[in-house]
Amino acid sequence: MNGYCLNPKNQIQDAISRIRFSPSSNNLLVSSWDSNLRLYDVDKRELRLEAQTDGEALLDCCFESETRAVSANSDGSILRYDMCSGTSQRLGHHDDLATCIEYSEETCQIITGGLDKKVMFWDARSTSSVGLLRNLHAEVESISLFGFHLVVALKSSVHKYDLRYFDRSLQAKELSRDINVKCVRSNAELEGFAVGSIDGRVDLEYLCKSNSKNEGYTFRCHPKAKKGSRHHVSVNDIAFNPAIYGAFITGDSEGHAIVWDVLSKKLLMELPRYPNSVASLAYNRDGQILAVASSFTYHEAKEREEPPQIFVHKMDGTHSKR
């Protein structure tokens with residue numbers, strides 16, 4: 001599997017929070033704590049755009065379209081960017097840090113979560129707020145979306161909503177009262193979602209269990225022990241491969257990225273260890289390119305202070321052998 005560093009000259013000055021491929025091209029969106037939103041052309045290996053904000057850290061980002069993107073920021077603001085000019089406009093804000101953001105093509109809504117214990121919905125056409133989930137019992141750690149299904153991670157539990165009836169939770173799962181969720185990522189083909197936790201566990205859950213031959217289950221990404229005790233490493237991100245049914249990759253705070261087969265419940269491949277924590281992962285639209293953000297995350301005390309880097313791998317099929 002071939003690989004290269006995407007940004008050897010254009011150094012990102014602070015931690016990378018999220019990377020996302022465009023749904024229609026090999027353009028890669030990058031948000032970071034250095035107050036910049038960047039757009040890379042992976043095919044040409046060049047930086048196409050660098051849009052700077054007013055100083056707030058960008059904690060998440062996503063594409064709205066090929067020419068528009070949005071970000072969730074540390075001052076609570078939600079910004080929309082014109083990817084041709086690099087200009088931005090403020091859509092609104094949370095009362096605390098805005099931690100995560102998604103765009104729904106089905107409803108034309110921008111959906112955001114924050115530490116103010118709210119999930120907010122913004123009409124992408126009018127840029128006005130059209131609703132919110134309030135009085136949630138915990139801060140919103142992560143959200144994920146496919147179709148009309150919205151999955152929300154709140155501390156140690158995960159809740160599922162239908163965007164057509166978003167005022168009530170349709171399904172809730174308590175993972176552990178002592179372990180916080182780090183990320184949740186859903187997948188339309190599996191009709192389910194995977195949850196990464198700070199203790200190195202991944203939980204797989206199906207939204208429609210009656211339609212699946214498989215039940216949800218839990219496994220540890222790194223079951224090896226250190227000095228006689230279990231070694232807990234945070235799972236920072238999970239990315240499903242759109243080209244291989246039931247395959248996803250996990251990235252952790254020790255720089256490990258591992259490809260798993262959900263159906264056979266086994267490890268497919270472990271990539272060479274990265275210089276720093278794996279902060280974010282992204283497959284392109286056909287699953288032929290994998291991008292890995294190697295960066296400190298401010299979540300681990302012993303993280304290596306290496307410059308943030310983005311590594312790009314072109315899949316050759318060896319990682320998909322079952």
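For reference, positions follow the sequence shown, starting with 1. All values below were derived from every heavy atom in this structure, side-chain atoms included, with hydrogens, water molecules and symmetry-related copies excluded.
Here K118 pairs with D95 in a salt bridge; the nearest charged N to carboxylate O distance falls below 4.0 Å. One finds a salt bridge joining R90 and D75 here, because a Lys/Arg side-chain nitrogen approaches an Asp/Glu carboxylate oxygen to under 4.0 Å. Salt bridge status for K117 with D96: absent, with no side-chain N to carboxylate O gap under 4.0 Å. For the pair K266 and D261, the salt-bridge criterion is not met [side-chain N within less than 4.0 Å of a carboxylate O].
In summary, the side chains of Y81 and T87 do not present any donor paired with an acceptor at a separation below 3.5 Å, with no hydrogens or angles considered. No hydrogens or angles considered: nothing links the side chains of S17 and W33 as a donor-acceptor pair under 3.5 Å. With 3.5 Å as the limit, one finds no donor-acceptor pair spanning the side chains of S128 and W122. Side-chain atoms of Y40 and N26 include no donor-acceptor pair closer than 3.5 Å. Residues S77 and N73 have side chains that bring a donor and an acceptor to within less than 3.5 angstrom of each other. For S280 and D237, the side-chain atoms include at least one donor-acceptor pair closer than 3.5 Å. A donor-acceptor contact under 3.5 angstrom links the side chains of E66 and S22, judged on distance only. Side-chain atoms of T112 and H94 form a donor-acceptor pair, as typed in the model, at a separation below 3.5 Å. A donor-acceptor pair shorter than 3.5 Å cannot be found between the side chains of N180 and E141.
Remark: R285 CZ is packed, more than 12 non-hydrogen atoms of other residues, nucleotides or ligands lying under 6.0 Å away. By the 6.0 Å contact criterion, CD on E50 is enclosed, its count of non-hydrogen atoms from other residues, nucleotides or ligands being greater than 12.
Side-chain atoms of T297 and N236, non-hydrogen and from C-beta on, do get closer than 4.5 Å to each other.
Classified by interplanar angle (parallel below 30°, tilted 30° to 60°, perpendicular above 60°), the ring pair F240/F248 is perpendicular. Using a 30° and 60° split on the angle between ring planes, Y298 and F296 fall in the perpendicular class, above 60°.
Ring pair F311/Y4: centre-to-centre distance not below 6.0 Å.
At distances below 3.5 Å, not a single donor-acceptor pair connects side-chain atoms of S197 with backbone N or O atoms of G200.
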